[in-house]
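Taking it in order: structure first as structure tokens, then the write-up.
Because the structure is a prediction, the values reported are computed rather than measured. The chains referred to below are lettered A, B, ... by the order of the sequence lines, with proteins before strands, and numbering in each begins at 1.
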Number of protein chains: 2
Amino acid sequence: MTNTKEHILNVSLNLFMQKSYKEVTLKEIVDKTGMSKGAFYHYFESKEQLFVEVINFAFATVIDDSYNKFSKESLFQFYHDYIDYFINEEAPKLTVNYISLTFDALKFVPDFQRKLLKSQKAQMETWKEVIQEARDRGEINTPMKDEEIAKMFIYSIDGFGLHRVFGQINREHMKLSLLTLWDSFYEELKV
Amino acid sequence: MTNTKEHILNVSLNLFMQKSYKEVTLKEIVDKTGMSKGAFYHYFESKEQLFVEVINFAFATVIDDSYNKFSKESLFQFYHDYIDYFINEEAPKLTVNYISLTFDALKFVPDFQRKLLKSQKAQMETWKEVIQEARDRGEINTPMKDEEIAKMFIYSIDGFGLHRVFGQINREHMKLSLLTLWDSFYEELKV
DNA sequence: TCCTACAAACCGGATAGTCGGTATGTAGAT
DNA sequence: ATCTACATACCGACTATCCGGTTTGTAGGA
């Protein structure tokens, strides 16, 4: 890929993360890249196509199964790894603008919803796997079904993220808060 | 307030719930209200001021403490009431567009964030109250602290709502899924 | 001498907002 | 009762600006 094209993609991503698709204008893109419209339309056929490429560019790594790399030694270790990952990688992106970007992607980018659902499914499977092993191993002992436990973890972190978007909480406080929550839920599961 | 002004507010709210602030045009508002631009600018000084008024108009009732009306007889009854309310009143609004509306409101409407945080705090207090009473009454018996239990309920339903936005799930399935989840969590708390 | 990589001028349509004007109502003086 | 003076409600043509997109031009490397 040309350097210039990647440059345009990077600048545009930044802009799309600050404003909605509609709010970002071609003029802004052109100005901030230091290029001309001619250059832009040399690399992209339309603003919409640019957006699709930006999204695929940006979500290429996000949507994959990074949580598959977490330790599966124990449920305890797994959710601790998850929190570290969430605080360091995911949380900084969790802003009003980033969620808006996701919504714009749902509107404009074909196949985006399918990819999102697929990644959600994969995430669920990973949790269920870890939970089942934890149960077999005797790490936890609870009447809750594997899927319900997985849902509590997944939904609660998503809800947590959403809440975090509204009030601004610093990173250390976030981590502690999340850790306390899941630790206490984990203790409950052990009983 | 004039009838006409209220009419404009209603029509605009509908439009802002379908599209973002930027996507809604004055022409649309004027056309759908059956009025002229002159009339519009007679009642509002700008599109932005209209938006602020629409938001205050719309969220005046939404942000209040409707969950205070749920039965506090038992935690069991409370969360069942909550689900009924959520499925019938909140869930239909939980769409990409409605969440986008909330984000636009955060951008444009002064004091909106404060109101939102206040309502979240009130919600948390209500849950904690119900949970504490349930514990005192012996309805539940768990090492989890009241606040952690409340957080699990609140975050999980918000996360649930967010997930629901992405994949389209029908109302009956939603209700069942949520009921199953919370019932199993509740059983866990009783142990 | 072409082709690539860009620049710059330009286009039609849409946008939010303005403005001069009108029709209707109404309070107070006569 | 009616006339005057003014307010309110509304209309729609108009404007300046900005939008995404197109066309034309050109410097420089192969």
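Proximity of Tyr43(B) to the phosphate of dT8(D): no side-chain N or O atom is located under 4.0 Å from OP1 or OP2. Using a 4.0 Å cut-off, some side-chain N or O of Thr25(A) falls inside it from OP1 or OP2 of dC19(D). Side-chain N/O atoms of His42(B) include none lying less than 4.0 angstrom from OP1 or OP2 on dC10(D). Look at Ser46(A) and you won't find any side-chain N or O under 4.0 angstrom from OP1 or OP2 of dG20(D).
Protein atom CZ of Phe40(B) is 19 Å distant from nucleotide atom P of dT8(D), rounded to whole Å. At whole-Å resolution of the value, NE2 in His7(B) and C1' in dC10(D) are 15 Å apart. Between the P atom of dC19(C) and the OH atom of Tyr41(B) lies a distance of 12 Å, rounded to the nearest Å. Atom-to-atom, CD of Gln49(A) to C1' of dG21(D) comes out at 14 Å; the value is rounded to the nearest Å. What separates CG of Leu26(B) from P of dT15(D) is a distance of 19 Å, to the nearest Å. In this structure, Lys22(B) places its NZ atom 11 Å from P of dC18(D), rounding to the nearest Å. Atom pair Asn3(B):CG and dC10(D):C1' shows a separation of 15 Å (rounding to whole Å applied). For the pair Ile29(A) CD1 and dC19(D) P, the computed distance is 11 Å after rounding to whole Å.
You'll find that the side chain of Met35(B) is closest to dC10(D), out of dT22(D), dA7(C), dC10(D). Considering only the side chain of Lys47(B), dG17(C) comes nearest among dG17(C), dC10(D), dG21(D).
Residues Tyr21(B) and Lys47(B) meet the side-chain proximity criterion, which asks for heavy atoms closer than 4.5 Å. Inter-residue side-chain proximity for Ser177(A) and Lys151(B) is flagged as met; some heavy-atom pair is nearer than 4.5 Å.
Both cation-pi conditions hold for Lys5(A) and Phe44(A): the charged atom is under 6.0 angstrom from the six-membered ring centre and inside a 45 degree cone around its axis.
Under 4.0 Å is where a charged nitrogen must lie from a carboxylate oxygen, and between Asp31(A) and Lys27(A) at least one such pair does. The pair Glu139(A)-Arg137(A) counts as a salt bridge, with a side-chain nitrogen and a carboxylate oxygen less than 4.0 angstrom apart.
Val30(B) comes within 4.0 angstrom of nothing in the nucleic acid, heavy atoms only.
Side-chain to base pairing of Lys37(A) with dG20(D): one donor and one acceptor N or O lie within less than 3.5 Å of each other.
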